[in-house]
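The next block holds one structure in the form of structure tokens; read it before the comments.
Just so you know, these numbers use all the heavy atoms, side chains as well, and skip hydrogens, waters and symmetry mates. Here the structure is a predicted model, which means the values were calculated and not measured. Each residue takes its place number in the sequence, starting with 1.
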Amino acid sequence: MPFQIQKDQAGQFVFYAHPSIEIGSRPLDTLPCTLAGDDFMAGEGDGYRWEAHIMPAHGGYWLNTTLQVQHTVNLNPSMILWVSGLDNFDDRQAHTWRQTIVRAPTTNQQGLGGNDLPAGYLYDHATQTETICYFPPDHFQWASQRFYHFSIREVLSYQKPSKYGIGLVPNPPNVEFRFEPGTHQLAWWFIMRPRDTIPTQWEAQRILIDTLTPLLDTQPTLIPDAVSWQAMAENLLQDLHHEACWITIGGQTGLRAYVRGSSAVKRDEAQGFELMTQLDVLWPLLLWQQANATDAGHEIVQRLLKTLPHFHRPQWEYVTNNFPPHAGDSFMDTWYFLENALIKLAWVAYLTDDPDLIAMFFTALKGAERFAHKTHYLFPLFADADGWQVRGSILNVGVAGLYAAGQVLAYQLSGQNPAHLDEAAQALRTMTQLSPSQLTHEPQQLTFGAAAAAYLARHGFPKFREIAKDLVYLSLRMGYWGPDPAVPFYDPRGMFQACASLSYPAYKENIETIMGWAELLKYGIGPAPLMSAFMNLQRCHNYAFFDPYLPAQYRHEPCAYVPYEDIATSEFQHTAEMGKELYGAGEVFWSALLFRPLPDAPDVLCLCLDVPGLELSPLPAADKRTYLLYNPSSEERRVQWAGQIITLAPYAIQVTQ
């Protein structure tokens, strides 16, 4: 891709990213550039000077800018790649209708942005080019709340000369930022290349992720004293016996949402317990017992099973999330209902072979079907099961992925009634008719949707393999791709924004987003190297949610092996204040199931591909399980395996038993 630096009509140096581009750009759009060479641009103003070094990388270019400030200045730090001049006859009709745009970070369904993958895409039909811009999240020390201030999107400027492009621009009305005296580092990467066909937003999303993959640092940050996830699970099992985890109310005992005494904001004082918590622990604990051929935790399993019938509301064909019963029991956040009643309950019913739980699941499925048909699969965020009415103004169509997953499980539990697969297919077709940006909420909704689509692809719906891939790509846009300078005590790479716009990772959503990937990778669905890298980064970095691996000032007794809900980011500046989430504790058992330690190669991923997502089947015997080995390093790794040495080339993947 040719890169040229020339003077513009005003006598300022600008760069041109492609021969078809007639509008020049600067590393920092508003700063004057009076000096340039083959690989640098520089300039100065009142109280500051700057210099940007330009380096080719992975088919594009890095622009690394050093801004030296002598006295406090207010500057607009927009970083924009201009694409072409703006024609005011076409700009808001034919022109924009033929563009394809992927903005970032992802947003909730009110349009409020978060802090996940900071990269955008623009296909421009007028120049027949596609442009990708990436702004590494660890280069924002100069912006205290980082992506609260900025978004990556298309930019239209009507000041002469009128022009349009894509880049990082401020969100607030005060577009200038205060830079204190000192040295500030800013950076971005871009690629612009020819393209002669208009991509869909789903295609553009794939192009975006595939293009950015080489920019991800896949080498995890290892914690020297970290125990295995199997040991973490064993320790958690002991913690779950602690009285601070349980509450007795209305004559029933269940797991609290938060460990008593762990919440600085009193979330641990709720007088009740939730279905989400009981099922979050119960499902993976049953699988973990099976995988380890142990009855450890039997007492806990029995206590949790006793709670489940108390959430049944057959009069509404519904399973509620709260106990004890109260007025308004029928109100729901739809992802709670669909994930808990249609996926986790179905799995627990299968693993326990309990006919009452199976009947409870099918009753809830019937209510969900009524609502799906009533809304034409365009699910809202909030609803009321009493009459199955929409509540509030916001959609959450992404929960169609959870609904489809429930139908796939119903197909297996019903003796393979094909109507359930047809229903799953229709939900996913409707969901993916929307743009990806309209589907971001809880990231695990996308994984369960991908798993359902993959199951359909294996059962006579071949086009759904591509839908499964697309949903995985969308979940990767909700991932954290770089370090965060505001939180040196942990590495967020590989984690996921817990919910669109929430702006912090949570252990529950981290694991629930990747736990279905083992089944997808087993069948060759999705970008395997990138998925493996994310899973490995999580395997090494998720310890940050637990007392033994947090700085001492954040720790709260008791139950060191129950994860905290919240750890800070540049945008969300709270750590371990909400409390230890028992509704995310089950993910420790999932981690033990997924990740096998390799003492001689601690940075290498060893992933069990037999951990089930939506296929109702027991785990194979320990000596019959299949594993994926992934080397995240640029150097060769040697692994002892079943009495032999396996040599893994840099970034290699190998499947073995």
Side-chain angles (χ1 to χ4, degrees), residues 283 312-319 332 334-380 383 385 387-390 396-434 439 445-468 470-471 516 519-520 523 525 612-617:
W283 175 18
H312 197 193
R313 303 291 183 270
Q315 69 272 30
W316 299 317
E317 298 174 322
Y318 176 59
V319 175
M332 74 181 85
T334 52
W335 81 260
Y336 277 54
F337 167 61
L338 293 170
E339 182 174 331
N340 295 328
L342 267 60
I343 299 173
K344 295 184 177 182
L345 178 61
W347 260 105
V348 170
Y350 164 75
L351 291 169
T352 58
D353 195 25
D354 186 323
D356 292 333
L357 293 182
I358 291 174
M360 185 173 161
F361 159 69
F362 275 105
T363 299
L365 184 70
K366 188 175 179 181
E369 285 180 352
R370 286 175 55 199
F371 197 48
H373 298 163
K374 191 170 187 176
T375 61
H376 303 284
Y377 305 98
L378 299 175
F379 291 93
W388 290 99
Q389 300 294 318
V390 173
N396 183 9
V397 180
V399 297
L402 303 176
Y403 175 75
Q407 291 289 355
V408 164
L409 294 170
Y411 169 76
Q412 297 169 81
L413 289 171
S414 66
Q416 300 187 343
N417 180 347
H420 293 297
L421 296 189
D422 292 336
E423 185 70 11
Q426 187 57 46
L428 290 171
R429 286 191 197 100
T430 302
M431 171 180 167
T432 53
Q433 282 293 306
L434 302 182
L439 302 178
Q445 297 174 177
L446 305 170
T447 294
F448 282 115
Y455 191 94
L456 291 170
R458 298 193 297 275
H459 290 79
F461 297 78
K463 293 183 180 180
F464 280 77
R465 187 178 179 89
E466 298 307 304
I467 290 177
D470 282 335
L471 294 175
E519 192 172 277
L520 293 173
Y523 292 104
I525 290 177
L614 291 184
E615 287 190 334
L616 293 177
S617 60

field: Contact check, side chains of W283 and I343, non-hydrogen atoms, under 4.5 Å
entry: yes
statement: For A410 and L365 the tightest heavy-atom approach is CB-CD2, 3.5 Å
- prompt: Taking Q412 for the side chain and V408 for the main chain, is one N or O donor matched with an acceptor at less than 3.5 Å?
  reply: yes
message: Using 0.5 Å steps for rounding, measure from the CG atom of D470 to the CG atom of L446.
response: 11.0 Å
field: From CZ (F337) to CG (L345), nearest 0.5 Å
entry: 10.0 Å
- prompt: If every non-hydrogen atom of A427 is compared with every non-hydrogen atom of A400, which pair is closest and at what distance?
  reply: O-CB, 3.9 Å
field: Parallel, tilted or perpendicular: ring planes of W388 versus Y318, cut at 30 and 60 degrees
entry: perpendicular
query: What do the steps show when you test F362 against L413 for side-chain contact (heavy atoms from CB on, under 4.5 Å), and what is the final call?
result: CA-CA 9 Å; F362 275 105; L413 289 171; 4.0 Å; yes
message: When you compare the side chain of L357 with that of T352, does any pair of heavy atoms fall below 4.5 Å?
response: yes
query: Between L614 and A452, what is the shortest heavy-atom contact and its length?
result: CD1-N, 3.4 Å
- prompt: Is V319 close to N340 at the side-chain level, that is, under 4.5 Å between some pair of heavy atoms?
  reply: no
message: Return the CG to CG distance between L471 and L428, rounded to the nearest 0.5 Å.
response: 7.0 Å
message: Are the side chains of E369 and Q407 in contact, using a 4.5 Å heavy-atom criterion?
response: yes
- line: Between A468 and A454, the two heavy atoms sitting closest are CB-N, 3.8 Å
message: For the backbone of E615 and the side chain of E519, can you confirm whether one donor and one acceptor N or O come within less than 3.5 Å of each other?
response: yes
query: Can you list the steps and then say if E423 with Y403 is a side-chain contact (heavy atoms from CB on, under 4.5 Å)?
result: CA-CA 9 Å; E423 185 70 11; Y403 175 75; 2.6 Å; yes
message: Any heavy-atom pair between the side chains of L434 and L378 that's under 4.5 Å?
response: yes
message: Can you confirm whether V397 sits close enough to Y377 that some side-chain heavy atom of one is under 4.5 Å from a side-chain heavy atom of the other?
response: no
- request: Measure the acute angle between the ring planes of Y455 and Y411, then classify it against the limits of 30° and 60° as parallel, tilted or perpendicular.
  value: perpendicular
message: Between F371 and W316, does the ring pair (Phe, Tyr, Trp, His ring centres under 6.0 Å) criterion hold? Intermediate values first, please.
response: CA-CA 11 Å; F371 197 48; W316 299 317; over 10 Å; no
task: Determine the minimum heavy-atom distance between T363 and P314, stating which atoms define it.
output: CG2-CA, 4.4 Å
- prompt: With a 4.5 Å heavy-atom cut-off, do K374 and Q389 have their side chains touching?
  reply: yes
message: Ignoring hydrogens, what is the shortest heavy-atom contact between T334 and P380? Give both atom names and the distance.
response: OG1-O, 2.7 Å
- prompt: What's the verdict on side-chain contact (heavy atoms from CB on, under 4.5 Å) for L409 and K344, showing C-alpha distance, side-chain angles and the deciding distance?
  reply: CA-CA 10 Å; L409 294 170; K344 295 184 177 182; over 6 Å; no
task: With sequence neighbours left out, write down each residue that passes ring-ring contact (aromatic ring centres under 6.0 Å, His included) with F448, or none if nothing qualifies.
output: none
- prompt: Do the side chains of F461 and R429 get nearer than 4.5 Å, heavy atoms only?
  reply: yes
query: About how many Å separate CZ of F464 and CD1 of I525, when rounded to the nearest 0.5 Å?
result: 12.5 Å
